[in-house]
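Everything on this sheet refers to the single structure shown next.
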Amino acid sequence: MTLRIYNTLTRTKDPFTTIEPGKVRLYVCGPTVYAEAHIGHAMSALVFDIVRRYLEWSGYEVNYVMNYTDVDDKIISKANQLGEDPFALAQRYIDDYAQNLADLNVKPATLNPRATQEMDCIQNMIARMLEQNRAYAVDGDVYYRVAADKNYGQLSGRKLEDMNAGSRVQVDDRKENPMDFALWKSAKPGEPAWDSPWGKGRPGWHIECSAMNYHHLGEQIDIHGGGNDLIFPHHENEIAQTEAITNKQFATFWMHNGMLTLKNEKMSKSLGNIISIKEFLSQHPADVMRLLVLSGSYRGPLVYGEDVLNQAEQVLKRLLGAKKPADPDAQGLSADRDQHLKDTAAKTASAFKEAMDDDFNTSGALAAIFELVKAINQARSDGATSAQLAHPISVFNEFTGVLGLKLEEPSSAGAESDANAFIDLLVKLRSDLRAEKNWALSDKVRDGLKSLGVVIEDHKDGSSWSWERN
RNA sequence: GGCGACAUGGCCAAGUGGUAAGGCAAGGGUCUGCAAAACCCUCAUCAUGGGUUCGAAUCCCAUUGUCGCCUCCA
């Protein structure tokens with residue numbers, strides 16, 4: 001069984017191949033840094049983190065490049081609004097974004113290039129397009145000549161004549177074709193600008209990604225990823241620019257994640273329904289966000305809401321439960337029950353791989369993991385020893401790790417964790433009360449701790465407690 | 001107006017020709033002093049209408065509905 005990936009370019013699941021054997025060149029469009037990242041960004045980052053982790057687990061060496069677009073109209077206008085230097089503002093949000101990713105347990109990219117550090121490459125590419133008449137300069141601006149590109153629209157499946165450019169935005173009449181897009185924009189006074197053969201200015205929106213790809217990964221890459229809202233025009237234009245210069249197929253695979261929506265509406269500033277990553281993580285563990293993504297197809301929309309959130313919380317509890325230790329007094333499983341457990345572990349391992357190989361079918365992979373969870377729980381309640389549980393639990397850890405789940409026991413942060421010793425004391429006292437069959441008082445202790453977020457579980461040989469996840 | 005995606009039980013969600021994975025919730029049971037956790041059992045014929053086929057959730061056509069893109073967007 002080999003990995004198959006849904007390719008936006010071909011609209012089918014194609015067998016995965018790489019340009020260099022065993023190595024993957026993966027580029028994912030990162031954010032334009034002008035505001036706090038929201039959980040939609042988180043979804044995209046998590047999707048490609050999972051892709052990356054699975055490819056690495058499958059034995060590939062992954063060169064993962066995720067860019068920051070750090071010069072752009074929105075950054076400039078936000079900076080003006082705040083009276084802040086646009087570069088300082090961009091840096092602030094880059095640091096912020098990197099921290100968000102770390103908090104989400106997203107593995108750092110191999111490289112995080114930035115648009116502002118690629119000016120030579122950007123200008124070289126524009127110059128070559130001009131030389132080949134694939135672009136034209138007007139009053140310090142440079143535009144890509146769409147009409148000269150017979151493949152334009154290959155990714156988004158559009159034809160030039162079908163698109164009604166300007167229906168919602170004023171068309172610049174200096175353009176030869178309304179669909180022509182800017183490679184270089186002349187600077188207005190007070191804007192950040194770089195010298196260029198066409199006058200002072202800055203790059204257009206799409207060229208920076210073409211340049212960063214070209215510079216850091218080469219003329220051709222294996223996978224290009226991003227949100228499906230980038231298919232047109234951003235990715236279409238990236239292809240146009242790069243292929244205009246190389247005359248080679250730019251990316252073999254184009255992967256696009258679906259949008260996270262709130263009550264069937266896309267998150268947007270105008271609707272005022274943005275939930276930032278920071279805000280989310282202040283209320284939920286990172287694993288919950290990841291489980292939200294894992295529970296469905298990465299290509300489809302993810303409808304965010306109270307109900308799915310609660311379900312993800314429950315799922316996380318169940319996963320955590322699988323890691324509970326064996327009963328110290330366990331009698332041990334019979335040889336054939338033990339063998340059965342091993343067989344189940346092997347079976348779920350192949351089911352996991354089969355699901356993931358089918359275009360990263362994470363909900364199928366999760367189902368395989370749950371089969372293992374059930375087997376582990378069954379074995380534990382049938383008296384498996386910790387030695388007997390060790391192997392299936394290590395398989396469980398391996399696969400949840402491939403999906404990027406941390407599965408840490410919840411703990412109460414900061415000063416509250418100093419309470420642990422006191423809670424231990426209360427729980428011990430309660431055990432004494434139970435030994436005396438003083439149910440009224442022992443239940444009072446349990447209820448009291450429960451209301452403080454501490455859950456007690458009684459076992460044959462004593463009681464354990466844990467912080468309630470919230 | 002153009003392009004595209006999707007529609008599976010109360011909820012989330014796999015499944016592209018042979019009679020529906022998994023999870024959450026719910027109900028019943030075991031365990032427990034009572035709980036909690038865990039375990040066992042129960043719980044769908046796949047938007048609608050046609051068609052192809054021995055046989056379709058899975059292929060084709062139509063209808064309805066939802067969403068995305070065509071402007072900045074992960």
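Order of the sequence lines fixes the chain letters, A, B, ..., with proteins taken first and strands second; residue numbering starts at 1 for each chain. Quick note: numbers below take in every heavy atom, side chains included, and nothing from hydrogens, waters or symmetry partners.
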Return the 5'-most residue of the pair A:Ala367, A:Lys13 with respect to RNA chain B, ranking by each residue's nearest nucleotide. A:Lys13
By side chain to side chain donor-acceptor pair (under 3.5 Å), A:Thr400 pairs with (sequence neighbours left out) none
Work out how far the C1' atom of B:G22 is from that of B:G18, and round it to whole angstrom. 22 Å
Which residue pairs pass the salt bridge (charged side-chain N to carboxylate O under 4.0 Å, His left out) test when at least one of the two sits in residues 62-76 of chain A, sequence neighbours left out? A:Asp72-A:Lys74, A:Asp73-A:Lys185, A:Asp73-A:Arg202
Please verify the inter-ring angle class for A:His224 with A:Trp254; under 30° counts as parallel, over 60° as perpendicular, anything in between as tilted. parallel
Which comes earlier along RNA chain B counting from the 5' end, the contact point of A:Arg318 or that of A:Val373, where each point is its nearest nucleotide? A:Arg318
What is the distance, rounded to the nearest whole Å, between atom OH of A:Tyr152 and atom P of B:G2? 20 Å
For B:U53 versus B:C59, give the span between their C1' atoms, rounded off to a whole number of Å. 10 Å
For atom CD of A:Glu354 and atom P of B:A21, their distance in whole Å: 15 Å
Any salt bridge (charged side-chain N to carboxylate O under 4.0 Å, His left out) pairs touching residues 291-303 of chain A, not counting sequence neighbours? A:Arg299-A:Asp359
For A:Leu155 and B:C3, what is the distance between atoms CG and C1' respectively, to the nearest whole Å? 12 Å
Residues two or more places apart in sequence or in another chain: which of them pass side chain to side chain donor-acceptor pair (under 3.5 Å) with A:Trp184? A:Ser196
From the candidates B:C69, B:G22, B:G23, the one with an atom nearest any side-chain atom of A:Glu371 is B:G22
Note: A:Asp49-A:Arg53 ion pair, threshold 4.0 Å (strictly below): yes
In whole angstrom, give the distance that lies between atom NZ of A:Lys374 and atom P of B:G22. 7 Å
Tabulate atom names and distances for all N/O pairs under 3.5 angstrom spanning the protein and nucleotides 33-37 of chain B.
residue : atom : partner  : partner atom : Å
B:G33   : N7   : A:Arg434 : NH2          : 3.4
B:G33   : O6   : A:Arg434 : NE           : 3.1
B:G33   : N1   : A:Asp443 : OD1          : 3.0
B:G33   : N2   : A:Asp443 : OD2          : 2.7
B:C34   : O2   : A:Arg446 : NH2          : 2.6
B:C34   : N3   : A:Arg446 : NH1          : 2.9
B:C34   : N3   : A:Arg446 : NH2          : 3.2
B:C34   : N4   : A:Asp458 : OD2          : 3.1
B:A35   : N6   : A:Asp458 : O            : 3.2
B:A35   : N1   : A:Asp458 : N            : 3.0
B:A35   : N3   : A:Arg446 : NH1          : 3.0
B:A37   : O2'  : A:Lys324 : NZ           : 3.0

When rounded to whole Å, the CG to P distance for the pair A:Leu260 and B:G68 reads 12 Å
Counting heavy atoms from C-beta on, name the nucleotide in B:C39, B:A74, B:G22 closest to the side chain of A:Asn257. B:A74
Between A:Glu468 and A:Lys450, is there a salt bridge with N-O shorter than 4.0 Å? yes
Taking atom P in both B:G2 and B:U63, what distance in whole Å separates the two? 13 Å
What is the distance, to the nearest angstrom, from the OH atom on A:Tyr6 to the P atom on B:U16? 15 Å
Can you classify the ring geometry of A:His234 versus A:His206 as parallel (below 30°), tilted (30 to 60°) or perpendicular (above 60°)? tilted
May I ask you to decide if the ring planes of A:His38 and A:His41 are parallel, tilted or perpendicular, using 30° and 60° as cut-offs? tilted
Separation between the C1' atoms of B:G49 and B:U30, rounded to whole Å: 49 Å
Within this structure, what is the CD-to-C1' distance between A:Gln378 and B:A38, rounded to whole angstrom? 10 Å
Using the test side chain to side chain donor-acceptor pair (under 3.5 Å), find all partners of A:Asp222 that sit at least two apart in sequence or belong to another chain. none
State the pairing partner of B:A7; accept Watson-Crick or G-U wobble contacts with both distances under 3.5 Å, and report none otherwise. B:U64
Please give the nucleotide sitting opposite B:U42 as a Watson-Crick or G-U wobble pair, both distances under 3.5 Å, or none. B:A26
N/O to N/O distances under 3.5 Å, protein versus nucleotides 8-14 of chain B:
residue : atom : partner  : partner atom : Å
B:C11   : O2'  : A:Gln311 : OE1          : 3.4
B:C11   : O2   : A:Gln311 : OE1          : 2.7
B:C12   : O4'  : A:Gln311 : NE2          : 3.2
B:A13   : O2'  : A:Ser363 : OG           : 3.1
B:A14   : OP1  : A:Ser297 : N            : 2.9
B:A14   : O5'  : A:Ser363 : OG           : 3.0
B:A14   : O3'  : A:Asn361 : ND2          : 2.9
B:A14   : O2'  : A:Asn361 : ND2          : 3.4

Partners passing side chain to side chain donor-acceptor pair (under 3.5 Å) against A:Lys13 (at least two apart in sequence or in another chain): A:Asp358
My understanding is that a pair needs two contacts under 3.5 Å, Watson-Crick or G-U wobble. By that rule, which nucleotide pairs with B:U52? none
P atoms of B:A35 and B:G29, separation to the nearest Å: 11 Å
Protein-nucleotide distance (A:Trp254, atom CH2; B:C69, atom P), rounded to Å: 18 Å
P atoms of B:G68 and B:U52, separation to the nearest Å: 37 Å
Side-chain N or O of A:Asn228 less than 4.0 angstrom from OP1 or OP2 on B:G68? no
Strictly by ring pair (Phe, Tyr, Trp, His ring centres under 6.0 Å), give each pair with a member in residues 89-116 of chain A just once, sequence neighbours left out. A:Tyr68-A:Tyr97
Taking atom P in both B:U66 and B:C72, what distance in whole Å separates the two? 27 Å
Base, sugar-phosphate alone, or nothing: which one does A:Leu230 contact when heavy atoms must sit under 4.0 Å apart? sugar-phosphate
Pairs satisfying salt bridge (charged side-chain N to carboxylate O under 4.0 Å, His left out), at least one member in residues 361-388 of chain A, at least two apart: A:Arg337-A:Asp382
Applying salt bridge (charged side-chain N to carboxylate O under 4.0 Å, His left out) as the test, list every pair that has at least one member in residues 105-115 of chain A; sequence neighbours left out. A:Glu56-A:Lys107
pair_partner(B:C69), Watson-Crick or wobble, both distances < 3.5 Å, evaluates to B:G2
Expressed as a whole number of Å, how far does the C1' atom of B:U42 sit from that of B:G4? 42 Å
Please list, by residue number, the residues of residues 42-50 of chain A whose heavy atoms come closer than 4.0 Å to an atom of RNA chain B; answer none if no residue qualifies. A:Ser44
